[in-house]
Protein chains: 2
Amino acid sequence: MPETPAAPDGKRPTLADVAARAGVSTALVSIVMREAKGAGAATRERVLQAARDIGYRPDARARLLRSQRSRLLGVQFGLQQPFHADLVEGIYAAAEPAGYQIALSAVAAGRGEQRAAETLLADRCEALVLLGPQAPAARLAELARQLPVVSVARRLRSPIPGLEVVRTADDEGARQAVDHLVGLGHRDIAHVDGGRAPGAADRRRGYRTAMNRHGLGEHIRVLPGGLTEEEGASAARGLLAARPRPTAVLAFNDRCATGVLDVFLRSGVTVPGDISVVGFDDSHLARLAHIDLTTVGQDSARLARLAVGRAVARLEDVARLEGEDAAAWEDVVAPRLVVRGTTGAPR
Amino acid sequence: MPETPAAPDGKRPTLADVAARAGVSTALVSIVMREAKGAGAATRERVLQAARDIGYRPDARARLLRSQRSRLLGVQFGLQQPFHADLVEGIYAAAEPAGYQIALSAVAAGRGEQRAAETLLADRCEALVLLGPQAPAARLAELARQLPVVSVARRLRSPIPGLEVVRTADDEGARQAVDHLVGLGHRDIAHVDGGRAPGAADRRRGYRTAMNRHGLGEHIRVLPGGLTEEEGASAARGLLAARPRPTAVLAFNDRCATGVLDVFLRSGVTVPGDISVVGFDDSHLARLAHIDLTTVGQDSARLARLAVGRAVARLEDVARLEGEDAAAWEDVVAPRLVVRGTTGAPR
DNA sequence: CGAGGGTGCTAGAACGTTCTAGTAGCTGAA
DNA sequence: TTCAGCTACTAGAACGTTCTAGCACCCTCG
């Protein structure tokens, strides 16, 4: 039977309540709760017991209010984006050992990025980690003027003071995919792109460059796509109608590739027999046995770790404020191709 | 060019800074910022201008600390569950007009429900909304003793004081699906279930009851499934091997149904020609043109609205603390069948 | 025996708000 | 004139923590 929370007057118990029960000062209770040094072993135990007895729980807001440092990292993410979920998971894991807490703020239908960032600022976060932000660079610059900001998976043309970037080498990923396909014997390789989505431009460029390098410039074919299954499917329908049909397709991401696959299957086009398909992200989707998608993997755990690392470094290491190494404003993580069952030699 | 945030000493501006600049007291600035009455029009404008000038932004923590009411709703959700994303979206939308803020806490790989709930409590939420909680009833009861708790999409065998439930009538949903299929002429209808997932037991029961009611008891066939594509796929492989093959399948949810569909397509079994498939949830997935899944829709917006409504009612309406209508501890929302392209008459 | 340096603890002032109880000035009625 | 009742405003005390001093004690060393 769990003990009754037992605040005498129905209010939530405070430091003072614990102090009174243990017969010590509030300051000492604070010391014990923070696991700071400066309390004797016996007293420490007595205080902890008292806290347990009355069901005391430190008030995070009051704590943050008082301490100069809030040790709070604000994370803005897209509620409907599975890849962001992976990143957030990694961020939780990375922030904890560094002694930071996470405040989440979602970007959703009726809730834009502006709004999401506002609430994080109001919550007194020390730094912001933005996942795939779509806001204009000027807006990011404005934020970066107020506190350290790390942008994940969104590339920026030029450095912005106070803003750092962590991203995957998207062009390199596209290159790996093309190399793989060419290695299998493919020549007519199409790309279903991601439009204006973060990373799309780089992947497009990487595809083009790689094709040219293999002397396949005349086979370059970019179809407008997007980040959802729907958009992949509609692009795939276009591909089926095209003559000659490509023998391989590189899709913008895994969801897009799934849409492509689905249309192919329904039309009796076998994969990889008739056409090979490559995705991007290595999300859970791709790993499912029945999809078994060859894809370019983004290392979400690594991206998360780097993002948190950068934010923390900016906060802790005051020295950097002066040295500010201009070259080190972005981390570019290498992608790695994961070969599964949707690619093979052309017939 | 946006104005410089311009805190003279590099710290974030406070009420006092605004007050000094506008030549009034901090209390008056507070009044203006809260849009409370008690300030003249001219002064109000002057204060607002001063606030804009120095880039003042109210400190949410300090505000919550002082005011007795925090007007903060804690929401615990599964980071990897798309349906929860829909619910959170609805919750944001419902909380705003009621004048409540949302604090998110994710359940993820290294972060259990216990942990997620702890941080919400520490953040001083006034009430908790738990999305599909898996914690044992005893744990929920313990939470409910401390503050109002609403459980969404998790049914409870018996009422727990302080805990309310908002859920879909899962059994009714399964019934609708079976009725639809029987109406089309199907008799041999299998069910790929969700194991111990929230709602799975009810859907199983609804399926069994409906089959019996149609005199199809001998055709009842429940295959162990789960909430992911993977599990749906593996159940589907089992179905293909079975003799006689069923002419229709009701899957636990849309993801599961997608897995079933995929295996069928790969094996040359046409849908709905050879076999009809029905999902559950009406998630984004089901609506995609190329999947076009007949499914039992859960009204996430409505569930969200009800959950927030209950939480708010508990907080605002003190009278209820006494009247406590025992009959009204749960809201059951009717599902509605959405007929799309994966169901048809059996051959 | 006194100086120096730990420990273990406490009083009281922050932190940035909101809230309570005012005060001052004006208007209008008795 | 006086007083009641408004409106516009302010001083100062909360809120629940952490932080800065500093006190009292016990060692150890010269």
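For clarity, every value in this text was computed on a predicted model and none was experimentally measured. Just so you know, these numbers use all the heavy atoms, side chains as well, and skip hydrogens, waters and symmetry mates.
Listed by first then second residue, pairs satisfying salt bridge (Lys or Arg N to Asp or Glu O under 4.0 Å) with a partner in residues 69-84 of chain B read B:Arg69-B:Glu126, B:Arg69-B:Glu316, B:Arg71-B:Glu316, not counting sequence neighbours. Counting only residues at least two apart or in different chains, side chain to side chain donor-acceptor pair (under 3.5 Å) contacts with residues 28-42 of chain B comprise B:Ser30-B:Arg34.
By the 4.5 Å heavy-atom criterion applied to side chains, B:Val47 and B:Val18 are counted as neighbours.
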Its contact letters, B for base, S for sugar-phosphate only and - for none at protein heavy atoms under 4.0 Å, make nucleotides 9-16 of chain D read BBB--BBB
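Contact annotation: A:Arg34 side-chain N/O to D:dT18 OP1/OP2 distance is under 4.0 Å.
The CZ-C1' distance, from A:Arg69 to D:dC19, rounds to 15 Å in whole Å.
Between the side chains of B:Arg111 and B:Ser105, at least one donor N or O sits under 3.5 Å from an acceptor N or O.
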Report task. Determine, step by step, whether A:Ser70 and B:Arg61 satisfy the side chain to side chain donor-acceptor pair (under 3.5 Å) criterion, reporting the C-alpha distance in whole Å, the side-chain angles of both residues, the deciding distance to 0.1 Å, and the verdict. Result -> CA-CA 10 Å; A:Ser70 77; B:Arg61 330 300 276 211; over 6 Å; no
